[in-house]
Structure formats: structure tokens, C-alpha cells
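Below: one structure, written as C-alpha cells.
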There are 2 protein chains.
Amino acid sequence: MARKPADQSVNKQDILLAAADVLQRNGYEATTMKDIAAEVNLTAASLYHHFRNKDTLLLAVLEAGLEQIIGQIEPIVHSRLSSADKLRQMITAHIVSLTQNTAVAAAMIFEMKSLVGGRSELDRNGDTAAHEEFVARQQAVIARRDQFEELFRQVVREGIERGEFRPVDVGIFTKTFLGAHNWVGLWYRPSGRLKGHEIAELMADTFLRALRP
Amino acid sequence: MARKPADQSVNKQDILLAAADVLQRNGYEATTMKDIAAEVNLTAASLYHHFRNKDTLLLAVLEAGLEQIIGQIEPIVHSRLSSADKLRQMITAHIVSLTQNTAVAAAMIFEMKSLVGGRSELDRNGDTAAHEEFVARQQAVIARRDQFEELFRQVVREGIERGEFRPVDVGIFTKTFLGAHNWVGLWYRPSGRLKGHEIAELMADTFLRALRP
DNA sequence: AAAATAATCTAACGCACATTTGATTATCGA
DNA sequence: TCGATAATCAAATGTGCGTTAGATTATTTT
């Protein structure tokens, strides 16, 4: 089979998107390096030029997805809007983002837990130096996920203090709507009855109503 | 190693519970037959006396979990309560059930999708007879999951017709609170600040408020 | 243009895992 | 009590997958 001569080389970003795609379809364990490589017209071996190993690749997918969404949410928190307006915009941004990249969304939902409790491949081999760096990045992602959640909690708390919202259990209420959001990433289909922003609006209505004093 | 002579034999139910437990911790692909077997003090080979293969075992876990929760919800739907009371009881029953058996809950959330899109091991081997039976059971589980969701939709619709609830998009609203519920199964810890029934109450409050005309 | 580095490939390795085989022990119905 | 069936095991099989080694080609630097 003749090699395509000018098939220009692939970068990490391409691989991350492809990986998210395959991950969404198959889940981490069922996703092979070959699957991911095929998606970008490479061989499995070539991926190791870009990523140390499979676990690191997954981690990079999660990191990228997390930073992307936090980048969208954070400015809203620190704006001068009313708490209600903030929350509405945050909810919308989150859901729209999830529906626009369901691949990354699903990867984050399904694979995040493998960071918390899961045994990773590296656990048994002896490269402790690389392993420790990996564990550190792993914990950083978990911490970042918590910070993300805290952004929402902050706004709910603020709204209660300002008297815009009724007093609710901030932790539970936040987990309630974040759960609803994440779930969207699992059932949303671009071909469905409603678009992402329409779903977002309906859900924002629901939760802002539930917060009315 | 001397065999324990009177270690009485294990039944399918035991295996299903053990499997759900391991599944929760590791996810389907990362769960080995040996892991499950160890949980009930058997060897991997022995599991094949009870289940045709690994896929069938997963399927049985999902079937059992689904029937369990439907059995709890269905009577409420057909009772004489107000729609609001029905919904409150259904929400509570669902969440309490999820928190009482987080193993099965997580398995259902994470592994259900492998029924929809995933490639199962059997896909490539040639036993078409067994394979077709498997596919049939697989589709039955998916259909049953949809029926479960329809029970909730039904009550929301009924409440709107009776004027108890404001008119909402029934499909989206239902997916909203079911998403919130399922999420509970992923973060709930028995050692946490609130018990299952307390969480259930708070969430029911949220959604019933959002439905007020 | 030479040297250095980046990107990719083919081929091979080793291992963990699902599954099969065939034997062994327990239980139960007649 | 005996034959049948259920439940279990140890051992072997085959395969798919992550990963490595080493060579080859492309690109960038000097």
C-alpha cells in the first residue's frame, strides 16, 4: 500500500478530539489505541510519539474538556449581573457546550470516575517517576472538577444572600441541576426535536423557578 | 489448598449482587470474570456454570436492577393519589432505591449505554443462535428502560391535564429530574452529610416547586 | 546542504483475559 | 443406595491489546 506522501502530520489536538469521539462510542476500556489511531489515519504505534501511554491520553482529553467549559463559565461568575441572570447564563453555557461536544462531555462523565477509584495500567509497572507525575495530574483534574462545581455553588449561595433565591441546601441543589445537565450529554442527539439552546432554556426555567423565594 | 468441604453453593442472585459491586468499582470492560468470581469465592470457570458468558451476566444485572425499581414505581402511578403526591413518592422511591444499592445503580447508568451502541464480545463469533437470543434480551432491557421513563412522563402529563402542574415540556422536564436522580447514584456515599431519604425530599421539593402553576 | 529532530511505519513481545475442556466432588430423586 | 445432575475446580487455549524496538521518511535549524 503506497504511503500518501504529503498527508500532513497530525497534532495533539487532532488526536484529543478523535479520542473523545471514540471514547464516547466505546468507553475507555473498550477503546483501543488502534481505534483512536485509525480515526486520524495513523497506526497505534504512532500515537506514542504524542502521548506517553493510553492513560495519559485519556487524562489529556479530560483536562482539555474541563478547561474549555471552565473558561466559559468563570467570566459569568465574576460579572456584575444579578445572581439569577448569572445562573441562567451559566446553565445555558454549560448545556450548550455539552450538546456541542457530546464526545468530550460523555468522556468526562464516564471516565472521570476512573480517575477517582479506578486502577490504571501504570499501577503495576515499575516506572515510579512517570507514575507519580501521572498521579499528580490526575489529582489536579479532580480538583479542577471540584472548582468547576464550586463556581455554581458560589452563585447559588450569593443569590440566597442577596435575597434573590429562597434558601436551599446549596450543595444538593447544585448537584441536582449539574446532574440534570450532565445527563443531557448522554441522551442529546443533534437530530432530536430540540436544539441545545432550547433545552438549556427549558432547564434554566425549571431551576430558576425552583429558586424563587 | 484444602477445599472447604461444606462451603455451600452459590446461586445466581449472589453472583448478580457481587457482579454489580465489582462493576460499580471498575466498569464493565475493566471487570474480569475472575474479579466477580473472587467476590463469591469461586473461580472464573465456575461462573460459566451459571451464565453463558460475561455479556449475559452483565445483562442479567441490568435486568434485575430495572425490574426492582419498576416494581417500586409502578404501583404509585396507578394509585388514587394526586399527581403531586404520586410524583413526590416516585421521586423519593427512585432516589432512595439508588442510594440503597449504588452498585446496581451505577452499573445501570454506566453500562446501559453499552447495550445501545457498544460492540459486545459475541459480535464476532459464529454462534448466531445464542447471539440472536442475546440481542433480543438486550433490546428488551432497552425497551423496559423506556417504559420506566414513560411512567414518570405519564404522571407529569396527568398533572398538567388535571391543572395541578403548570404546562411544561413533558419530555425535557422528565429527563431533567431523572438525570438529577441518576447523578445521585454517582456521588452518594452512605457516610455523607445526608441520608438517601433526606436528599430525596430536597430534590422532590425542587421539582414540585418548579411544577407549580 | 548537513545535521538534528519530528513524525510515522512495520514487526514483534508479552501478558491478561474470556472461554473451553475434562475431571472431581456434592446433592438429590427414585 | 445408586444413578443422575449440579456445582465446582485446575489447566490449557487463543487472542486482542498496550507497548517497545528499530528503521524510514519528513521537516526544521544552522
Rounded to the nearest Å, what distance is computed from the [atom1] atom of residue [X] to the [atom2] atom of nucleotide [N]?
X: B:Leu47; N: D:dA10; atom1: CG; atom2: P; value: 13 Å
X: A:Asn11; N: C:dA7; atom1: CG; atom2: P; value: 9 Å
X: B:Lys34; N: D:dT8; atom1: NZ; atom2: P; value: 18 Å
X: A:Met33; N: D:dG16; atom1: CE; atom2: P; value: 18 Å
X: B:His50; N: D:dA7; atom1: NE2; atom2: P; value: 6 Å
X: A:Glu29; N: C:dC17; atom1: CD; atom2: P; value: 10 Å
X: B:Arg52; N: C:dT20; atom1: CZ; atom2: P; value: 10 Å
X: A:Tyr28; N: D:dC17; atom1: OH; atom2: P; value: 14 Å

Options [options], nucleotide nearest the side-chain atoms of [X]:
X: A:Val10; options: C:dT8, D:dC9, C:dA11; answer: C:dT8
X: B:Tyr48; options: C:dT8, C:dT19, D:dT20; answer: C:dT19
X: B:Ser46; options: D:dT8, C:dA18, D:dA10; answer: D:dT8

Between [N] and [X], is there an OP1 or OP2 to side-chain N/O distance shorter than 4.0 Å?
X: A:Thr43; N: C:dT8; result: no
X: A:His49; N: C:dA6; result: no
X: A:Thr32; N: D:dC17; result: no

field: Least distance between heavy atoms, A:Val77 atom then A:Lys86 atom
entry: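 Nearest pair, atom of A:Val77 first, then A:Lys86: O-NZ, 2.9 Å.
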
message: Assess the residue pair A:Thr92 and A:Glu201 against the criterion (side chain to side chain donor-acceptor pair (under 3.5 Å)); give the C-alpha distance rounded to whole Å, side-chain angles, the decisive distance to 0.1 Å, and a yes or no.
response: CA-CA 7 Å; A:Thr92 303; A:Glu201 230 171 278; over 6 Å; no

message: Tell me every residue that passes salt bridge (Lys or Arg N to Asp or Glu O under 4.0 Å) with B:Arg193, counting only those two or more places apart in sequence or in another chain.
response: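 B:Arg193: salt bridge (Lys or Arg N to Asp or Glu O under 4.0 Å) contacts with A:Asp169.
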
task: For the pair A:Asp35 and A:Arg25, find out whether any cationic side-chain nitrogen is under 4.0 Å from an anionic carboxylate oxygen.
output: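 A:Arg25 and A:Asp35: not salt-bridged.
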
Trace of the ring-ring contact (aromatic ring centres under 6.0 Å, His included) decision for B:Phe110 with A:Phe110: CA-CA 7 Å; B:Phe110 282 112; A:Phe110 283 112; 5.3 Å; yes

